[in-house]
S.K.: 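Below is one structure. I have some questions about it.
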Amino acid sequence: MPELPDVEYYRIYLTATALHKTIARVEVRAPRILEGVTERRLRSVLAGRAFQSARRHGKYVFAAIEGGEGGWLVMHFGMTGRLSYFKDIGDDPKHDRFLIGFENGYFLAFVNQRKFGHVALAMSPEAFAEAKGLGPDALSIGREEFAVRLGERRGGAKATLMNQKVLAGIGNIYADEILFRAGVHPKTPVNTLDEETLGTLHAVMGDVLHTAIAAKRRCEDFPGSYLLPHRHEGGVCPLDGTPLETITISGRRTYFCPTHQSDERE
DNA sequence: GGGTTAAACAAAGC
DNA sequence: TTGTTTAACCC
């Protein structure tokens, strides 16, 4: 579930709550989520330091560690996850897998019910993205580069949008939303899209992501014309009431409107 | 061989 | 329920 807009919200949340506060303790409650780092190492890197700033690339949040050797804490939320800043350790959220305690007595928890998330360390967001082979962030990529990167692919539109190596940040939900608003069938091979459609797709992607980030901060308040609120069993197209169709793409449930997203392969 | 896709996997709640 | 990894597939 946490795709770019959700993760951007976590970045903002971390920035608002956890910067410039000296870290007093670190506790890993589910070692499984650690990726290439031990609890002992995390402690030695974080204890006595503070986070300086936070960034995001795709579905990853990075928190800069000031002082010491520097470096960045990296978090990925998997299917289910969020951050929670709270005061009383007795009020710790369910499924908190990684806890950072500050000297002011507050805690920042990495909440991850299904433990599909990851916590890691990196030299920089750039180095991490490079090592992972991530494409440019979906919110920063320009129209030109977007068109070039998609143009050289031959996969379906949805699969390509979700491919983190092509561009980073789009998942199942927002891929459906973007294609719906752009009127593109999810299986359309991207290398058959003309320049104009690619431009539309890029513009729509930016609109959808910005709208979603704003909606996250206003408690799931999405425009009625969006596919998202109708993306369920028996849902209908918000534009004309056509029953939405569902297909499976790469094992993912895909919702689309058969009248507004024509199949260009035919 | 490289790009693409389907299948397998991770964990927990219902 | 979904993102990532792995295996199998296709020019």
Side-chain angles (χ1 to χ4, degrees), chain A residues 1-11 28-37 56-62 74-84 92-98 109-120 122 128-138 148-179 184-193 209 212 216 220 227-235 244 246-256 263-265:
Chain A
M1 207 111 55
E3 302 181 26
L4 188 151
D6 313 88
V7 179
E8 175 64 8
Y9 176 68
Y10 300 151
R11 185 192 68 77
V28 177
R29 296 185 166 179
R32 171 177 292 280
I33 63 162
L34 299 183
E35 192 176 73
V37 66
R56 181 193 55 72
H57 186 105
K59 300 169 185 170
Y60 290 88
V61 171
F62 302 85
V74 186
M75 289 180 281
H76 186 283
F77 297 88
M79 275 175 54
T80 56
R82 62 189 173 89
L83 293 175
S84 176
D92 63 322
K94 253 192 162 164
H95 314 300
D96 47 338
R97 310 306 189 188
F98 171 52
F110 177 80
V111 185
N112 202 229
Q113 184 194 107
R114 290 174 199 170
K115 298 184 189 174
F116 289 174
H118 296 292
V119 169
F128 184 84
E130 168 80 26
K132 283 274 180 185
L134 297 178
D137 184 72
V148 169
R149 292 186 75 90
L150 266 70
E152 60 195 15
R153 292 276 161 175
R154 39 177 226 270
K158 176 162 179 178
T160 305
L161 280 179
M162 289 198 301
N163 186 340
Q164 304 300 300
K165 290 179 164 57
V166 175
L167 82 170
I170 310 290
N172 195 27
I173 306 286
Y174 292 106
D176 278 4
E177 188 68 57
I178 292 162
L179 293 171
V184 174
H185 189 283
K187 283 197 170 176
T188 311
V190 281
N191 57 14
T192 66
L193 297 174
L209 294 176
K216 290 292 158 193
E220 307 287 328
L227 179 69
L228 193 51
H230 308 273
R231 207 179 166 285
H232 55 78
E233 204 71 40
L244 297 174
T246 58
I247 53 176
T248 298
I249 292 180
S250 322
R252 298 292 174 263
R253 198 136 174 91
T254 300
Y255 287 79
F256 70 100
D263 193 340
E264 301 191 9
R265 293 168 302 158

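Each chain gets a letter, A, B and so on, in the order its sequence line appears, and its residues count up from 1.
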S.K.: How do A:Tyr60 and A:Arg253 order along DNA chain C: which one's closest nucleotide is nearer the 5' end?
M.R.: A:Arg253
S.K.: By nearest atom, which of the nucleotides B:dA11, C:dT4, B:dT5 is closest to the A:Ala159 side chain?
M.R.: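 Looking only at side-chain atoms, A:Ala159 lies closest to B:dT5.
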S.K.: Where does the angle between the aromatic ring planes of A:His118 and A:His76 fall among parallel (under 30°), tilted (30 to 60°) and perpendicular (over 60°)?
M.R.: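 Correct class here is tilted.
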S.K.: Check the distance between C:dT1's C1' and A:Lys115's NZ and give it to me in whole angstrom.
M.R.: 17 Å
S.K.: Using a heavy-atom cut-off of under 4.0 Å over every strand shown, decide if A:Gly251 touches base, sugar-phosphate, or nothing.
M.R.: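 Counting heavy atoms under 4.0 Å across all strands, no contact is made by A:Gly251.
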S.K.: Provide, to the nearest angstrom, the distance between the CG atom belonging to A:Leu150 and the P atom belonging to B:dT4.
M.R.: 10 Å
S.K.: Just how far, in rounded Å, is P of C:dT5 from NE2 of A:His76?
M.R.: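 A:His76 atom NE2 is separated from C:dT5 atom P by 9 Å.
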S.K.: What's the CD1-P distance between A:Ile173 and C:dT1, to the nearest Å?
M.R.: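 It works out to 10 Å between those atoms.
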S.K.: Between A:Arg114 and A:His118, which has a closest nucleotide on DNA chain C that is more 5'?
M.R.: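 In this pair, the answer is A:Arg114.
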S.K.: When the distance from CD of A:Gln164 to C1' of B:dT4 is rounded to whole Å, what number comes out?
M.R.: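 After rounding, the reported distance stands at 16 Å.
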S.K.: Quick one: does A:Glu177's side chain have a donor or acceptor within less than 3.5 Å of a partner on A:Leu227's backbone?
M.R.: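 Present.
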S.K.: Could you work out which one of B:dA12, B:dT4, C:dT1 sits closest to the side chain of A:Arg154?
M.R.: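 Of the options given, the side chain of A:Arg154 lies nearest B:dT4.
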S.K.: Under 4.0 Å, heavy atoms only, any strand: does A:Arg153 hit a base, just the sugar-phosphate, or nothing?
M.R.: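 It contacts sugar-phosphate atoms only.
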S.K.: Distance-only, no hydrogens or angles: does the A:Asn172 side chain make a donor-acceptor pair with backbone N or O of A:Arg253 under 3.5 Å?
M.R.: yes
S.K.: Side chain of A:His95, heavy atoms from C-beta onward: which of C:dT5, C:dC10, B:dG13 has the nearest atom to it?
M.R.: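 Looking only at heavy atoms from C-beta outward on A:His95, the closest nucleotide is B:dG13.
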S.K.: What is the separation between atom CG on A:Asn163 and atom P on B:dT4, rounded to the nearest whole Å?
M.R.: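 Going from CG in A:Asn163 over to P in B:dT4 covers 8 Å.
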S.K.: Could you check if a side-chain atom of A:Val74 sits within less than 4.5 angstrom of a side-chain atom of A:Glu35, using non-hydrogen atoms only?
M.R.: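 They are not in side-chain contact.
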S.K.: Using whole Å, what does the distance between atom C1' of nucleotide B:dT5 and atom CE of A:Met162 come to?
M.R.: 11 Å
S.K.: Let me see the working for A:Val111 and A:Phe77 under side chain to side chain contact (heavy atoms under 4.5 Å, CB included), right down to the final yes or no.
M.R.: CA-CA 8 Å; A:Val111 185; A:Phe77 297 88; over 6 Å; no
S.K.: I need the CG-P distance between A:Leu134 and C:dT5, as an integer number of Å.
M.R.: 10 Å
S.K.: Taking the side chain of A:Arg32 as its heavy atoms from C-beta onward, which of C:dT4, C:dT2, B:dA10 lies nearest to it?
M.R.: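 So the side chain of A:Arg32 is nearest to B:dA10.
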S.K.: Can you figure out which of B:dG13, B:dA11, C:dT4 approaches the side chain of A:Phe116 most closely?
M.R.: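 Of the candidates, B:dA11 comes closest.
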